[in-house]
Number of protein chains: 2
Amino acid sequence: MGRVSDGKERLMDAVRELIWTGSYGSTTIDQICDKAGVKKGSFYYFFKCKSDLAVAAIDADWQIRRVELDALFSPTTPPLERLRRFCEYSAQAQAAMKAKFGRVLGCPQFCLGSEVSTREDQLQQKVMEMLEHRRKYLESAIRDAHAQGAVIAPDAAAKSRCLFAYFEGLLTQARIQNDLGVLTEAQTGMFALLGVSVPPVSPV
Amino acid sequence: MGRVSDGKERLMDAVRELIWTGSYGSTTIDQICDKAGVKKGSFYYFFKCKSDLAVAAIDADWQIRRVELDALFSPTTPPLERLRRFCEYSAQAQAAMKAKFGRVLGCPQFCLGSEVSTREDQLQQKVMEMLEHRRKYLESAIRDAHAQGAVIAPDAAAKSRCLFAYFEGLLTQARIQNDLGVLTEAQTGMFALLGVSVPPVSPV
DNA sequence: TTGGTAGTTATCTGTTTAGTCAAGTATTGG
DNA sequence: CCAATACTTGACTAAACAGATAACTACCAA
């Protein structure tokens, strides 16, 4: 089997952080290698180009996010409570990033997608796939809420697209303004979109 | 006065199109000069660097947008009708871009902002200024609608931030997916956020 | 018509960048 | 311990890039 290495993983971690704290276009392969502590020759041993690395990094990241989101959106949690916790969790995650990097970073996929969608086909496809995955969580929560009579949303898919656009818009605004305050309105806005005037009380 | 030139304007037009159809980071000064039909020496005669040009281009563009938006949001138009027309106008503008470039391009400021906010201070400031200008139109329409009793929105500023995040999120999604269909839900979503279930009939 | 001003151009420099490659080294399974 | 494999390394090339400059040219105003 020859020797083993975590160079691939280090490269994926590096590119994720660099793109997220900066941008895809402004991130060079040299920078990625420096941050990962990997020589450029090794980079090209593992990956064909920057976009291939980015796609792999997004896939690897999704394996982690999926577990977190599965827990947040567990069907054992009341549907509107899932949404509330999702807002809360997202705001906390953004706060953590701000503490670490001095910057509100927003949604990595959404930012990347809006930057590269016109130029990088594979990356755009991958981003769309990831965003669609995320939207599904909202959709099923909304469908469950409708079934329970907690909200009126006969078309859960359409409603989830609304909520999703709103939420991603809010995250991006928080990034642009570098302001966590933007996210305090997330819950209110989400529930306004659902036609529920007041967020529900949270059961344990 | 010496000779006059529209080189400056051509450079501003070129950079706007290149950033919008691609991205800020992937747009080089050589590309801008080529597209503008201006030599690099002239570029540096007019501007200190790429970001200075971008800021100037945004300012110049705003002079045009302002007139259009002033017309759309004229106080002589019923407030909810202003919002409806704004959605319609935006969707048409996106359709025009798709026809011209084969791409849904979304909001130039929002995309640029999310790309460069962590790296280019002046540009970030300018983008924030522009986005704030645009949001104000929504705010005053909502305030007027509330005063008329057409919607219940005692905090027009907060409501406008909601609508704005939603709308920008939707535009960005349309860009990422390169799909005009995303925008068909804009009106429905906007009015859902306002707590008005059905968009009002449009008077002349 | 002329002189100063506004703008143009070709050419140059040094740096950063992506991408290649051949030779080397560590590791693992047999 | 050996040999196949998995990875590493540094040195290389060629292109793209930002930015500078000096000489040139067109235009307006007096």
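The model shown is predicted, which means the values in this text are computed figures rather than measured ones.
A salt bridge links A:Lys126 with A:Glu129: at least one charged nitrogen is closer than 4.0 Å to a carboxylate oxygen. Using a 4.0 Å cut-off between charged side-chain N and carboxylate O, B:Arg65 and B:Asp61 make a salt bridge. With respect to the salt-bridge test (charged N to carboxylate O, under 4.0 angstrom), the residues A:Arg10 and A:Asp13 do not qualify.
Which of C:dG19, D:dA18, D:dT8 sits closest to the side chain of A:Ile29 comes down to C:dG19. Taking every side-chain heavy atom of A:Lys39 into account, D:dT9 is the closest of C:dT8, D:dT8, D:dT9. For A:Ser42, the listed nucleotide lying nearest its side chain is D:dT8; candidates were C:dT17, D:dT8, C:dT28. Ranking C:dG19, D:dC17, D:dC7 by closeness to the A:Cys49 side chain, first place goes to C:dG19. With C:dG7, D:dT8, D:dC17 as the candidates, the nucleotide lying closest to the side chain of A:Phe46 is D:dT8.
Look at OH on A:Tyr45: it is 21 Å from C1' on C:dA18, rounded to the nearest Å. Atom CD in A:Gln31 sits about 11 Å away from atom C1' in C:dT17, given to the nearest Å. Spacing between atom OH of B:Tyr24 and atom C1' of D:dA18 amounts to 12 Å, rounded to whole angstrom units. Taking atom CG of A:Leu53 as the reference point, atom P of C:dA18 lies 12 Å away to the nearest angstrom. The interatomic distance linking A:Phe43 (CZ) with C:dC21 (P) rounds to 16 Å, in whole Å. Counting to the nearest Å, the P atom of D:dC27 and the CG atom of B:Asp6 are 12 Å from each other. For the pair A:Tyr44 OH and D:dG10 P, the interatomic distance rounds to 18 Å; values are reported in whole Å. Note: CG (A:Asp34) to P (C:dT17) measures 10 Å, nearest angstrom.
At a cut-off of 3.5 angstrom, counting only N and O atoms as typed in the model, there is no donor on one side facing an acceptor on the other between the side-chain of A:Lys50 and the base of C:dA18. Looking at A:Lys40, its side chain has no donor and acceptor atom pair within 3.5 Å of the base of D:dG10.
Side-chain contact check for A:Phe167 versus A:Cys87: some heavy-atom pair is nearer than 4.5 Å.
Side-chain contact of A:Ser160 with A:Arg135: a donor-acceptor pair under 3.5 Å is present, judged by distance alone.
Backbone-only contact: A:Ser5 has heavy atoms under 4.0 Å from sugar-phosphate atoms and none from a base.
Residue whose closest nucleotide on DNA chain C sits further toward the 5' end, between A:Ser26 and B:Gly41: B:Gly41.
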